[in-house]
Amino acid sequence: MFKSPMLLHKATEPISHSSYIAELKLDGIRLILSTVSGQIQCWTRHGTRCTDRFPELAMLNLPPDTILDGELIVTDEQSHPDFEAILTRFQTTNEHKIRTLMKSDPVQFCVFDVLMIGGQDVTSLPLHERKAILQDQIKEQPHLSLVRSIPGEQAGAFFDLVSQQNLEGIVLKKVNSTYQVGKRSYDWLKVINYQYFDVRLTAIRKGDFGWLIGLEDEGRVRPAGLIEFPPPPNVRKAVWSIVNKVKVGEDKKFIYLKPAIRMKVKSRGFTKRGLIRLPVFHAFNFGGKSYAV
């Protein structure tokens with residue numbers, strides 16, 4: 001049985017207050033897991049059924065007629081979530097390759113909420129009661145762990161620690177919040193540990209929005225990724241106003257530019273290939289200073 005998960009809003013900084021609890025934001029795939037009808041089934045937050053891609057989860061020992069919400073991760077050598085590894089697991093559908101990846105990159109289902117237990121809907125209960133149910137009735141085991149929470153008063157210090165470890169961020173949840181199926185609620189907030197990079201704009205994609213960017217590296221500008229989330233219209237207009245002055249060529253897909261336009265992007269770090277992961281425009285750079293537009 002699939003239930004659309006409760007979603008979070010963004011916060012720019014931690015809120016240290018007793019009305020919240022704080023949890024580590026895990027860099028993986030949001031997963032709804034159900035044991036309704038006597039069989040374990042899994043879905044992504046968008047309702048994509050993915051049970052067969054993660055055979056490890058079929059071995060879990062869970063109460064019947066239960067629905068859990070959590071994050072599915074693969075960890076690296078430092079025991080940090082490895083997003084590229086879990087994405088590879090999700091994208092792999094070949095049975096032989098899945099069996100191989102089960103050994104090299106086993107998944108861990110990190111449970112942080114319960115929607116149903118033993119056939120009883122508990123979404124209307126406050127969060128602290130749902131957490132107690134998890135502690136009482138869901139046992140940690142291979143491929144399943146419970147997400148720990150800390151008092152909200154410690155959220156600021158917790159975020160500082162998470163940032164020092166280069167982890168993704170934290171989640172703040174109101175202690176008395178109900179589980180709001182399929183809704184994005186201000187009762188749950190995410191604070192992302194963004195990293196910022198000074199880059200050059202090297203090309204503009206034709207058709208769908210896209211800006212190729214580069215990083216200065218030993219006197220040259222090397223490819224660093226693609227901005228795919230459109231910045232505000234005034235930012236795009238400012239770039240287009242000088243495109244003809246810095247254009248050096250084009251093909252069917254891109255208009256190529258001299259690396260003269262400097263900007264700062266925010267991101268969640270680098271990919272294993274050395275590209276900036278999911279960069280988002282933050283500000284223009286002029287004379288070593290950043291200017292938001």
Side-chain angles (χ1 to χ4, degrees), residues 7-13 25-30 45 71 73 76 80-88 90-91 159 162-171 189-243 246-248 250-251 253-293:
L7 302 178
L8 309 85
H9 276 283
K10 289 182 180 179
T12 56
E13 58 185 21
K25 189 176 190 309
L26 295 162
D27 198 3
I29 294 174
R30 187 78 175 271
R45 56 169 281 196
E71 196 84 1
I73 65 169
D76 61 18
H80 290 179
D82 184 336
F83 181 75
E84 291 180 67
I86 189 60
L87 189 61
T88 297
F90 177 72
Q91 294 173 338
F159 183 75
V162 165
S163 299
Q164 293 169 16
Q165 296 295 319
N166 289 322
L167 296 169
E168 188 183 17
I170 67 172
V171 174
L189 302 171
K190 55 185 175 183
V191 188
I192 303 299
N193 173 31
Y194 285 114
Q195 298 177 44
Y196 293 84
F197 302 93
D198 294 325
V199 301
R200 305 288 189 98
L201 180 61
T202 59
I204 295 176
R205 185 165 61 188
K206 298 177 180 179
D208 293 338
F209 177 84
W211 286 353
L212 286 176
I213 55 174
L215 279 169
E216 293 185 61
D217 186 6
E218 298 182 350
R220 57 184 288 270
V221 177
R222 68 169 180 84
L226 178 69
I227 298 175
E228 293 190 272
F229 183 78
N234 58 336
V235 171
R236 285 174 277 157
K237 184 178 180 180
V239 168
W240 277 109
S241 69
I242 59 173
V243 162
V246 294
K247 176 181 174 181
V248 295
E250 63 181 288
D251 57 24
K253 294 184 178 181
F254 288 95
I255 299 171
Y256 296 98
L257 313 174
K258 296 178 182 178
I261 302 174
R262 299 170 180 259
M263 58 182 64
K264 186 180 291 288
V265 297
K266 65 180 182 179
S267 165
R268 301 183 186 185
F270 286 99
T271 69
K272 294 175 182 176
R273 295 171 53 203
L275 301 177
I276 298 174
R277 179 185 165 195
L278 303 175
V280 175
F281 174 88
H282 179 67
F284 287 115
N285 272 354
F286 299 108
K289 296 182 179 180
S290 296
Y291 298 87
V293 177

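The figures here come from the full heavy-atom set of this structure, side chains too, leaving out hydrogens, waters and symmetry mates.
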Quiz prompt | For His80 against Gln165, the heavy-atom pair lying closest together | solution = CE1-O, 3.4 Å

Quiz item: Of all heavy-atom pairs between Leu257 and Lys247, which one has the smallest distance, and what is that distance?
Solution: CD2-CA, 4.0 Å

Quiz item: If you take all heavy atoms of Ser267 and Pro279, which pair is closest and at what distance?
Solution: CB-CA, 4.3 Å

Quiz item: Within a strict 4.5 Å, meaning less than it, do heavy atoms of the Arg268 and Leu278 side chains meet?
Solution: no

Quiz item: Considering residues, nucleotides and ligands other than Phe229, do more than 12 of their heavy atoms fall under 6.0 Å from its CZ?
Solution: no

Exercise. Determine the interplanar angle of the Phe284 and Phe281 rings, folded into 0 to 90°, and report it as parallel if under 30°, tilted if 30 to 60°, perpendicular if over 60°.
Key: perpendicular

Practice problem: Output the distance between atom OG1 (Thr271) and atom CD (Glu84), rounded to the nearest 0.5 Å. | Solution: 5.0 Å

Quiz prompt | Neighbour count above 12 (heavy atom, 6.0 Å) for Lys258 NZ | solution = no

Quiz item: Would you say Asp251's side chain and Phe254's backbone share a donor-acceptor pair under 3.5 angstrom?
Solution: yes

Exercise. Working to the nearest 0.5 Å, report the span between CD of Glu13 and CG of Leu189.
Key: 11.5 Å

Quiz item: Is any NZ, NE, NH1 or NH2 atom of the basic residue among Arg277 and Asp27 found under 4.0 Å from an Asp or Glu carboxylate oxygen of the other?
Solution: yes

Quiz prompt | Within 6.0 Å of NZ in Lys253, more than 12 heavy atoms from elsewhere | solution = no

Quiz item: When you check the gap from the basic side-chain N to the acidic O, do Arg262 and Glu216 get nearer than 4.0 Å?
Solution: yes

Quiz prompt | Student check: side-chain heavy atoms of Met263 and Val235 closer than 4.5 Å | solution = no

Quiz item: With the threshold set at 4.0 Å, does a side-chain nitrogen-carboxylate oxygen contact exist between Glu228 and Arg205?
Solution: yes

Exercise. Check the pair Leu212 / Leu226 against side chain to side chain contact (heavy atoms under 4.5 Å, CB included), numbers first and verdict last.
Key: CA-CA 5 Å; Leu212 286 176; Leu226 178 69; 3.8 Å; yes

Practice problem: Step by step, work out the side chain to side chain contact (heavy atoms under 4.5 Å, CB included) result for Ile276 and Phe270. | Solution: CA-CA 5 Å; Ile276 298 174; Phe270 286 99; 3.8 Å; yes

Self-check item: Any Val162 side-chain heavy atom under 4.5 Å of Lys25 side chain
Solution: no

Exercise. Mind checking the OG1-CZ spacing from Thr202 to Arg222? Nearest 0.5 Å is all I need.
Key: 12.0 Å

Practice problem: Could you tell me which non-hydrogen atom of Ala260 sits nearest to which non-hydrogen atom of Val246, and how far apart they are? | Solution: CB-CG1, 4.1 Å

Quiz item: Of the non-hydrogen atoms in Asp198 and Leu215, which two are nearest, and what is the gap between them?
Solution: O-CD2, 3.3 Å

Quiz item: Pro231 and Trp211: which non-hydrogen atoms are nearest, and at how many Å?
Solution: CG-CH2, 3.7 Å

Quiz item: Going through the checks in order, is the side chain to side chain contact (heavy atoms under 4.5 Å, CB included) test met by Val280 and His282?
Solution: CA-CA 6 Å; Val280 175; His282 179 67; over 6 Å; no

Practice problem: Output, in order, the C-alpha distance, side-chain angles, deciding distance and verdict of side chain to side chain contact (heavy atoms under 4.5 Å, CB included) for Asn193 and Leu167. | Solution: CA-CA 7 Å; Asn193 173 31; Leu167 296 169; 5.8 Å; no

